[in-house]
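Quick note on labels: first sequence line is chain A, next is B, and so on, each numbered from 1.
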There are 2 protein chains.
Amino acid sequence: MKNRPYHHGDLPSELLARAERTLREKGSGALSLRELARDIGVSPAAPSRHFKNKQALLDALALNGFERFDEAVAASQEGVGESFGERLDAMARAYVDFAVANAALLDLMFSVKHSLEASEALGAAAHRWSEQFLGLIAEGQRRGEVRKGPVERVALPVFAALHGYADLTVSGMLPPEMTAYGLDDVVASVLRQCGPE
Amino acid sequence: MKNRPYHHGDLPSELLARAERTLREKGSGALSLRELARDIGVSPAAPSRHFKNKQALLDALALNGFERFDEAVAASQEGVGESFGERLDAMARAYVDFAVANAALLDLMFSVKHSLEASEALGAAAHRWSEQFLGLIAEGQRRGEVRKGPVERVALPVFAALHGYADLTVSGMLPPEMTAYGLDDVVASVLRQCGPE
DNA sequence: CCACATTGTTGGCGTTGCATACATTGTTAT
DNA sequence: ATAACAATGTATGCAACGCCAACAATGTGG
């Protein structure tokens, strides 16, 4: 047990919290362990007790991101209609909302450079989220609203479209006027692509 | 027109070339101006004559990436059949091939942090590429193989799917066995979604 | 109360990005 | 030619960074 703090209160949590704030405000490149320590009011080397190096902190941030992403997606499915269309739309919207609200974090989550051990944990977190997604598709199939076939193979193009749209939005590659109807168009296309027959 | 070099031979080009090599080999985080200068054999401050800071070099790298991406996509359309399906498939394959062959570079190209002026140049480069893409869709419409509608709105979901699949592949979020049929499935889905019905 | 592990501090090392001042080389006008 | 000038590369220094090792303080369990 004992996750009670020793000296500071709860350095690891506060490190993550502050790190995410500066991530949001100034981008992932501007993240400095020393500055973090300074802001919190501990010595420059203190963070290293909890994150053995900078990459480890970034990994933890990404992992945390996946978990919150997971929750946001799950939450989007509550209190929404049962049709595949409605559920997909809600999930897509949650996806993109999370993406724009956490642009730099998403960059981090889907970036290439993660340590090997971290990659496993991240893979697991990503897997948990993909389970939700596959569940949605599978249920659509059960209801006859989604065409038949191996669920992962039906899901992949849908996943790609959502992720791609979110990524394009975040990286600012979309003309602003498109954000008005872009997601609607993507969801509509996905529905057309998924439909049975 | 004097693009002949002064002292070194052609520092800017060699900087870009070496930078891209280490980008490919060790990731964008491991890129150091000083190390670059050291490798090339010039003084630590020499690069600053051509790229006022590190970000400027990264921007140039991204811009260069878009140009080569542009070429690769254009090349993919030569000597391929005229049907929309074939052309789309060729373009998708060029997209993904470029992505996996230049993972870190793609990360850079679509990353969030670009200086404002660079963003304009990058936007222009991305625009040139999107023109090709829109052309493909428009031709598909002309041939009656793609459903009608404003070309950008028809294109966006297609673009999103391709980009998303490429990004997922690059960031290693796809189970390896999926890479075998993943792209085929995505292209097939896109075709289904685009069809005139 | 005493080992002992956990957490935080201090100080230092090598590296980095960047700015400034200076030296060298090419260009161009006279 | 040669003198002004711009373009390019060098030398040096600074503050900040990540990381490491040695040490101090604090809590935990026998």
* To do: Would you check if the distance from the ring center of B:Tyr95 to the ring center of B:Phe69 is below 6.0 Å?
  =>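 For B:Tyr95 and B:Phe69, the ring centres are under 6.0 Å apart.
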* According to a 4.5 Å side-chain heavy-atom criterion applied to Ile, Leu, Val, Met, Phe, Trp and Tyr, with indirect links allowed, do B:Val100 and B:Val187 form part of one hydrophobic cluster? ->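 Yes, because B:Val100 and B:Val187 connect within a single hydrophobic cluster, where side-chain heavy atoms sit under 4.5 Å apart.
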* Residue whose closest nucleotide on DNA chain D lies nearer the 5' end, A:Gln55 versus B:Pro44 ->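 Counting from the 5' end, the first nearest nucleotide belongs to B:Pro44.
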* Asked: Distance under 6.0 Å and angle within 45° of the ring axis: does B:Arg143 meet both against B:Phe84?
  ->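 Geometry flag: not set, cation outside 6.0 Å or 45°.
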* For the side chain of B:Ala45, counting heavy atoms from C-beta on, which of C:dT20, D:dT8, C:dG8 is nearest? ->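 Nearest to the side-chain atoms of B:Ala45, counting from C-beta on, is C:dT20.
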* To the side chain of B:Leu11, which of D:dG9, D:dC20, D:dT10 is closest? ->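 Taking heavy atoms from C-beta onward, the closest nucleotide is D:dG9.
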Rounded to whole angstrom units, what separation is found between the [atom1] atom of [X] and the [atom2] atom of [N]?
| X | N | atom1 | atom2 | answer |
| --- | --- | --- | --- | --- |
| A:Leu15 | D:dG18 | CG | P | 12 Å |
| A:His50 | C:dA5 | NE2 | C1' | 14 Å |
| B:Ile40 | D:dT10 | CD1 | P | 11 Å |
| B:Lys52 | C:dT20 | NZ | C1' | 17 Å |
| B:Phe51 | D:dA7 | CZ | P | 17 Å |
| B:Arg49 | C:dT20 | CZ | P | 12 Å |

Name the pairs: protein N/O against N/O of nucleotides 13-17 of chain C, kept only if under 3.5 Å.
{"from": "C:dT16", "atom 1": "OP1", "to": "B:Ser32", "atom 2": "OG", "distance (Å)": "3.4"}
{"from": "C:dT16", "atom 1": "OP1", "to": "B:Arg38", "atom 2": "NH2", "distance (Å)": "3.4"}
{"from": "C:dT16", "atom 1": "OP2", "to": "B:Arg38", "atom 2": "NH2", "distance (Å)": "2.5"}
{"from": "C:dG17", "atom 1": "OP1", "to": "B:Leu33", "atom 2": "N", "distance (Å)": "3.2"}
{"from": "C:dG17", "atom 1": "OP1", "to": "B:Lys54", "atom 2": "NZ", "distance (Å)": "3.1"}
{"from": "C:dG17", "atom 1": "OP2", "to": "B:Ser32", "atom 2": "OG", "distance (Å)": "3.4"}
{"from": "C:dG17", "atom 1": "OP2", "to": "B:Leu33", "atom 2": "N", "distance (Å)": "3.0"}
{"from": "C:dG17", "atom 1": "OP2", "to": "B:Arg34", "atom 2": "N", "distance (Å)": "3.1"}
{"from": "C:dG17", "atom 1": "N7", "to": "B:Arg34", "atom 2": "NH1", "distance (Å)": "2.5"}
{"from": "C:dG17", "atom 1": "O6", "to": "B:Arg34", "atom 2": "NH1", "distance (Å)": "2.7"}

* Mutual orientation of the aromatic rings belonging to A:His163 and A:Phe110 [parallel < 30°, tilted 30-60°, perpendicular > 60°] ->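 Judged by the thresholds at 30° and 60°, the geometry between A:His163 and A:Phe110 is tilted.
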* Would you say the side-chain atoms of B:Arg128 pair up with the backbone N or O of B:Glu67, donor to acceptor, closer than 3.5 Å? ->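 No, B:Arg128 side chain to B:Glu67 backbone: no donor-acceptor pair under 3.5 Å.
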* To do: Can you see which heavy atom on B:Phe98 is nearest to which on B:Ala72, and at what distance?
  =>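 Shortest heavy-atom separation between B:Phe98 and B:Ala72 comes out as CD1-CB, 4.3 Å.
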